[in-house]
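For ligands, and for the atoms within them, numbers begin at 1 and follow the listed sequence.
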Amino acid sequence: MKVLKFGGTSLGSPERLKGIVNIVRKEEQVIVVLSAMSGTTNKLVSICESLHDDKRDDAKTKIKELSDFYKQYVNDLFTTESYQNQGHELVNSHLTYIESFTEDLFTIHEEKAILAQGELISTALFHLYLQEINESSALISALDFMRIDKDLEPDAYYIKHNLERELKPLSDKKIIVTQGYICRNAFGEIDNLKRGGSDYSATLIGAALEVENIEIWTDIDGMHNNDPRVVEKTYSIHHLSYDEAAELAYFGAKILHPASVYPAQLKGIPIKLKNTLNPSLEGTTIDANNQNRKFTAVAAKDNITAISIKSGRMLLAYGFLRKVFEIFERYKTPIDVITTSEVAVSITIDDDTNIRGIYEELRLLGQVEIEKNLSIVCVVGTFSKKEKGDGTILFDTLKNIPIRMVSYGGSENNISFIIESEYKTQALQDLNKGLFNL
Ligand code: ASP
Ligand code: MG
């Protein structure tokens, strides 16, 4: 069995949806994980914002826009009147549900329920279309098996047992359709795996069922050696190790949700990144093998904040870093990159929601400085501790870029540079020339 996940743009029009059907019907038995249709989750987020601000009429206008989009979509997708009617009915039931919150109470719980409707609609329409064309298929609800625990981490044991139970009566079905992104939380309420989380759903499902491979289908031919939005000449990398892929996904390659690598890695299941617009292209395969290339790829992540703490108390002291880290832990703020000297430590974060509170507490430990608008440029490859000269190549390539921080040696797969964001494009272009001769 395989798991195939398709993103929103691959479902963006009835034509594209039919393209997906052509891909999945060639498989023997397959679980198809779908995102919401492109634009839908953003629209749902915006409806929630309106409701949050008590702008109910704005919310209604946005619901009407969704309704118009889906009316046209259903008319174009189905050929027979009976299926068109069923399609309209199905969409209406979800939109009426969303609309009920414009009259009623609206809290964070309702928000999660509203955000879930995008995937519920896309999977229901997809399944209905498979029925119209007589494909053997079944729809299962992720809300019946996908679950996060009280620390918001996926509950692998729960997922495995409940998914197996759901699949048991469906062994004769060829295409099993389910939602990405949505789940229940430890209280049984509707929740989600955060934006872009459909990839994560796919690898959690693949790992739970120990499938032969997991395919993530998007609009690009796999992971590239550099950011194609910023750099002209880039190429698709045919093979990546799990560690390389995780670093690239985390540090900016938008094609894959960073958390999604780990479940597959744990079970040794290959992840393939494929292009729906050109299915015959090889794409990228991610597995446990390392090609031992020196430089595999570079990626960058923006909106980084650096915080430096300088304190005479750090000199020859122990326990200082623990105090610093505890503050970030209390504010549930992950740290990306750290560099230290004997009297100072610099830390970067990308979620600065709690920066005020963090700042106030760090101030009790020393002199604190905050810098915004930074980018992490991450070079991924194989940097053996015994090799000479890697640093020379990198620093020489980046000789025209002011470097704020460097993280070298934390892993053998990643060297990261923190720079001001205004230099990012130049840094990526220079690295393309210096490391890949492009
Ligand atoms: N629909 C969700 C989002 O737009 C999840 C996903 O697409 O992966 O973030
Ligand atoms: Mg995505």
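Not a single heavy atom of Gly7 sits less than 4.0 Å from an atom of ligand 1. At a 4.0 Å cut-off, not a single heavy atom of Lys194 sits close enough to ligand 1 to count as contact. Gly196 counts as a contact of ligand 1, since one of its heavy atoms falls under 4.0 Å from the ligand.
Checked against the 6.0 Å centroid threshold, Tyr408 and Phe417 do not count as a close aromatic pair.
Taking any N or O of Thr41, backbone or side chain, at least one lies under 3.5 Å from an N or O belonging to ligand 1.
Contact atoms of ligand 1 toward Ser198: 5 (C), 6 (C), 7 (O), 8 (O) (distance under 4.0 Å to a heavy atom of the residue). Residue Glu119 has at least one heavy-atom neighbour below 4.0 Å for each of these atoms of ligand 1: 1 (N), 2 (C), 5 (C).
Here the protein heavy atom with the shortest distance to atom 7 (O) of ligand 1 is Ser35 OG, 3.2 Å. Atom 3 (C) of ligand 1 has as its closest protein heavy atom Arg195 NE, 3.2 Å.
Using modelled atom types, one finds a donor on one side chain and an acceptor on the other under 3.5 Å when comparing Asn225 with Asn432. With 3.5 Å as the limit, one finds no donor-acceptor pair spanning the side chains of Tyr158 and Asp149.
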| request: Under the side-chain contact (heavy atoms from CB on, under 4.5 Å) rule, what do Arg16 and Ser10 come out as? Steps first, then yes or no, please. | output: CA-CA 6 Å; Arg16 299 292 307 270; Ser10 307; 4.0 Å; yes
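Taking 4.0 Å as the cut-off between side-chain N and carboxylate O, Lys168 and Glu164 do not count as a salt-bridged pair.
Between Tyr73 and Tyr70, the two ring planes are tilted [angle within 30° to 60°].
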